[in-house]
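One-based numbering along the sequence shown.
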Amino acid sequence: MTLFALVLVATLITTVRPSPLVNVSFYSEALCPFTDDFTEGEMNEAVEKVGQIFTLHFVPWGNAKMNADGSFSCQHGEIECTMNTIEACVIHYNQQRSTWWPFIVCLEAHGYKQTYDIAEKCATENNITWAEVKTCADGQMGKSLEIMYYKETASLDPPHTYTPWVTINGKHVQETNMVKKICKAYEGTNKPEACSHTQKRFAMAGSCYK
């Protein structure tokens, strides 16, 4: 192979080499109306339009607290703790975002009306085995997952002060214009078409503060 051919091959390999995906982490809590709106709006739009250029790490703990006896206290009561745990179990047993994310959107679309029955309905609609999720949520596995998310949330730097709380590549960002922010963080040349378009602006109604 000639020197020219080798240079051409090396150039082509460099050109098509995929760029690292943007790492997005979403610190959430069930029943927070602002988190519900953000899930259905800003974040879901990002998943639908530029989902191929970022990973999404979803952390269902939010402003909950760990008590001295090992139990949890949640901002919106026991039902929030339950829904947080159900979300954790769904993600644990369904690692593909294409499966667990539609479940999260479905559940949080019901706002303060989230219940076991609604969660089961959302699971069925997304081909998620409800029996194993419920067993997880009612048992030690669910508690262990939530402790893991508690520790992760507690280690945020700077500490989170509200939900929804989002980081891009480890740095906290304001929870607006997510498509634009993710596109800006992506270093690849093969950006989705949505990156060059003006996106719908979602009104940020507020946050659930600690």
Side-chain angles (χ1 to χ4, degrees), residues 23-40 42-43 55-95 97 99-101 103-123 128-168 170-175 204-210:
N23 296 314
V24 178
S25 293
F26 175 11
Y27 296 83
S28 175
E29 69 178 20
L31 275 78
C32 170
F34 308 116
T35 301
D36 294 341
D37 289 345
F38 180 77
T39 298
E40 293 182 78
E42 288 276 0
M43 189 54 73
T55 62
L56 179 58
H57 178 53
F58 187 82
V59 183
W61 177 263
N63 300 326
K65 299 182 185 303
M66 175 79 75
N67 299 319
D69 63 359
S71 63
F72 309 146
S73 295
C74 294
Q75 199 166 36
H76 302 90
E78 184 177 349
I79 188 63
E80 180 202 316
C81 290
T82 299
M83 294 300 110
N84 286 343
T85 306
I86 286 174
E87 290 178 340
C89 290
V90 165
I91 295 170
H92 176 71
Y93 286 113
N94 302 272
Q95 297 290 308
R97 185 179 68 191
T99 300
W100 63 258
W101 178 250
F103 171 85
I104 300 294
V105 174
C106 176
L107 181 63
E108 298 203 3
H110 290 84
Y112 67 89
K113 295 182 180 180
Q114 295 173 41
T115 61
Y116 262 121
D117 289 342
I118 293 297
E120 181 177 8
K121 178 176 180 292
C122 290
I128 291 169
T129 304
W130 173 246
E132 69 178 3
V133 171
K134 188 175 187 303
T135 298
C136 169
D138 290 344
Q140 185 58 43
M141 173 63 78
K143 183 174 182 179
S144 295
L145 291 171
E146 280 297 277
I147 291 173
M148 176 183 71
Y149 286 134
Y150 152 70
K151 290 179 178 178
E152 180 180 347
T153 303
S155 69
L156 281 168
D157 184 18
H160 90 288
T161 55
Y162 58 81
T163 59
W165 184 271
V166 173
T167 65
I168 292 182
K171 296 182 179 180
H172 176 239
V173 298
Q174 291 299 309
E175 293 73 19
M204 188 62 183
S207 306
C208 288
Y209 285 87
K210 294 176 70 174

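- Tyr150 has its ring centre no less than 6.0 Å from the ring centre of Phe72.
- Going from atom OG1 of Thr115 over to atom CG of Leu107 covers 8.5 Å, rounded to the nearest 0.5 Å.
- Using a 30° and 60° split on the angle between ring planes, Phe26 and Phe58 fall in the perpendicular class, above 60°.
- Considering all non-hydrogen atoms of both residues, Ala119 and Phe103 come closest at O-CE1, 3.3 Å.
- The distance from the CD1 atom of Ile128 to the CH2 atom of Trp130 is 10.0 Å, given to the nearest 0.5 Å.
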key: Steps toward side chain to side chain contact (heavy atoms under 4.5 Å, CB included) verdict (Thr39, Thr35)   = CA-CA 6 Å; Thr39 298; Thr35 301; 4.1 Å; yes
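- Between atom OG of residue Ser28 and atom CZ of residue Phe34 there is a gap of 13.5 Å, rounded to the nearest 0.5 Å.
- Using a 30° and 60° split on the angle between ring planes, Trp165 and His172 fall in the parallel class, below 30°.
- Inspection of the His160 and Asn63 side chains reveals an N or O donor paired with an N or O acceptor under 3.5 Å.
- If you check the side chains of His76 and Gln114, you find no donor sitting under 3.5 Å from an acceptor.
- Using modelled atom types and a 3.5 Å distance limit, the side chains of Asp69 and Ser71 yield a donor-acceptor pair.
- A pairwise comparison of heavy atoms in Ala30 and Met83 identifies CB-CB, 3.5 Å as the closest pair.
- Taking CD of Glu175 as the reference point, atom OG1 of Thr167 lies at 9.5 Å (rounded to 0.5 Å).
- The shortest heavy-atom contact between Cys208 and Gln75 is CB-OE1, 3.6 Å.
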ask   = Could you walk me through whether Met43 and Leu56 pass the side chain to side chain contact (heavy atoms under 4.5 Å, CB included) check?
value = CA-CA 10 Å; Met43 189 54 73; Leu56 179 58; 4.1 Å; yes
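- Across all non-hydrogen atoms, the minimal contact from Cys74 to Ala64 is SG-CB, 3.7 Å.
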ask   = What's the verdict on side chain to side chain contact (heavy atoms under 4.5 Å, CB included) for Cys122 and Val90, showing C-alpha distance, side-chain angles and the deciding distance?
value = CA-CA 11 Å; Cys122 290; Val90 165; over 6 Å; no
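- The side chain to side chain donor-acceptor pair (under 3.5 Å) contacts involving residues 82-94 comprise Glu80-Asn84, where partners must be two or more places apart or lie in separate chains.
- Across all their heavy atoms, Ala137 and Ile86 have their closest contact at CB-CG1, 3.8 Å.
- Enclosure of atom NZ in Lys210 by more than 12 non-hydrogen atoms of other residues, nucleotides or ligands within 6.0 angstrom is indicated.
- A search for ring-ring contact (aromatic ring centres under 6.0 Å, His included) contacts involving Tyr112 returns nothing, not counting sequence neighbours.
- One finds the NZ atom of Lys65 at 11.5 Å from the SG atom of Cys81 (value rounded to the nearest 0.5 Å).
- More than 12 heavy atoms of other residues, nucleotides or ligands sit less than 6.0 Å from atom CD of Gln140.
- Between atom CD1 of residue Ile91 and atom OG1 of residue Thr99 there is a gap of 11.5 Å, rounded to the nearest 0.5 Å.
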